Amino acid sequence: MLILFDHGTPRGLARALPGHTVITARARGWDRLNNGALLTAAEAAAVDLLLTTDQRIRYQQNLTGRKIAIVVLASTTKWSRVQLHLERIAAAVNASTPGSYTEVDIPYE
């Protein structure tokens, strides 16, 4: 699966996703695109999944008809917290299907 990390997604998370190819919005020159343009560019590049920290994306974008799956890290993106939930994040990524939307809550505590 080709996975796109947006600018807020902790890069260390890539190690928890073996068997997948991870690219970053910054590396593709997409880090300045708004969410709608980012989703369109990602779909045009055959990206399967967007892993983002933008909890508002589902309200800001019409996701109907999108082929790209979206997994959102909710609550906090602090690496010390995220790394405690790598298995849950990987499970959400692995269970995603085209057009799906999943939030993985990363509690502050």
Side-chain angles (χ1 to χ4, degrees):
M1 181 182 304
L2 181 58
I3 301 171
L4 174 65
F5 281 17
D6 79 352
H7 65 277
T9 305
R11 291 185 188 191
L13 186 52
R15 291 188 302 271
L17 302 171
H20 300 291
T21 302
V22 174
I23 59 174
T24 65
R26 183 180 192 128
R28 286 287 176 115
W30 297 340
D31 52 324
R32 296 187 188 259
L33 296 178
N34 68 31
N35 285 336
L38 178 62
L39 290 171
T40 299
E43 286 181 327
V47 172
D48 299 300
L49 183 136
L50 170 65
L51 190 52
T52 183
T53 59
D54 186 349
Q55 298 173 51
R56 300 170 303 201
I57 194 168
R58 83 179 326 175
Y59 306 108
Q60 294 173 336
Q61 299 300 314
N62 181 358
L63 302 179
T64 304
R66 290 281 184 188
K67 295 176 184 155
I68 192 168
I70 299 172
V71 173
V72 177
L73 301 181
S75 298
T76 184
T77 58
K78 187 175 179 183
W79 178 242
S80 62
R81 304 304 313 157
V82 170
Q83 65 185 348
L84 298 175
H85 301 277
L86 295 178
E87 289 180 17
R88 291 180 46 233
I89 297 166
V93 167
N94 291 331
S96 69
T97 57
S100 66
Y101 177 91
T102 307
E103 287 189 9
V104 179
D105 185 52
I106 308 297
Y108 288 102
E109 300 175 18

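Quick note: numbers below take in every heavy atom, side chains included, and nothing from hydrogens, waters or symmetry partners. Owing to the predicted nature of the structure, the values given are computational and were not obtained by experimental measurement. Positions are given from 1 along the sequence.
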**Request:** Of all the heavy-atom pairs spanning L2 and A46, show the shortest one and how long it is.
**Result:** CD2-O, 3.8 Å
**Asked** Step by step, would you call L50 with I57 a side-chain contact (heavy atoms from CB on, under 4.5 Å)?
**Response** CA-CA 11 Å; L50 170 65; I57 194 168; 4.0 Å; yes
**Request:** Flag yes if V93 and L84 sit in one hydrophobic cluster, no otherwise; membership is Ile, Leu, Val, Met, Phe, Trp, Tyr, and two members link when side-chain heavy atoms are under 4.5 Å apart.
**Result:** no
**Message:** Is there a side-chain contact between I106 and V104 in this structure, where contact means two heavy atoms from C-beta onward sitting under 4.5 Å apart?
**Reply:** yes
**L4 side chain reached by I68 side chain, heavy atoms, under 4.5 Å** = no
**Request:** Return the minimal non-hydrogen interatomic distance between H85 and P107, and the atom names on each side.
**Result:** NE2-CD, 3.6 Å
**Prompt:** Cluster question for you: counting only ILVMFWY and a side-chain heavy-atom cut-off of under 4.5 Å, with indirect links fine, are V72 and I23 together?
**Reply:** yes
**Request:** Look at the side-chain heavy atoms of Ile, Leu, Val, Met, Phe, Trp and Tyr, link any pair under 4.5 Å apart, and say whether V82 and L49 land in one connected group.
**Result:** yes
**Request:** Scan D54, L33, D31 and name whichever one has a side chain to side chain contact (heavy atoms under 4.5 Å, CB included) with L38.
**Result:** L33
**Asked** Should L63 and V47 be regarded as members of a common hydrophobic cluster, given that ILVMFWY residues are connected when their side-chain heavy atoms come within less than 4.5 Å of each other, either directly or indirectly?
**Response** yes
**Request:** May I have all residue pairs that pass side-chain hydrogen bond (donor to acceptor under 3.5 Å, both in side chains) and include part of residues 63-75, sequence neighbours excluded?
**Result:** T40-R66, E43-R66, N62-T64, S75-D105
**Request:** Please collect all side-chain hydrogen bond (donor to acceptor under 3.5 Å, both in side chains) contacts where either partner lies in residues 19-30, sequence neighbours excluded, each pair once.
**Result:** H20-N94
**Asked** About how many Å separate CZ of R58 and CG of N35, when rounded to the nearest 0.5 Å?
**Response** 14.0 Å
**Item:** Distance in Å, T77 OG1 paired with Q55 CD, rounded so as to fall on 0.5 Å steps
**Value:** 9.0 Å
**Asked** At their closest point, which heavy atom of S96 faces which heavy atom of M1, and how far apart are they?
**Response** OG-CE, 3.8 Å
Show which side-chain atoms of residues 5-17 pair as donor or acceptor with protein atoms under 3.5 Å away, not counting sequence neighbours.
unit_1	atom_1	unit_2	atom_2	d
D6	OD1	G8	N	3.0
D6	OD1	T9	N	3.2
D6	OD1	T9	OG1	2.9
D6	OD2	T52	OG1	2.4
T9	OG1	L51	O	2.7

**Request:** Supply the atom-to-atom distance K78 NZ to Q83 CD, rounded to the nearest 0.5 angstrom.
**Result:** 10.5 Å
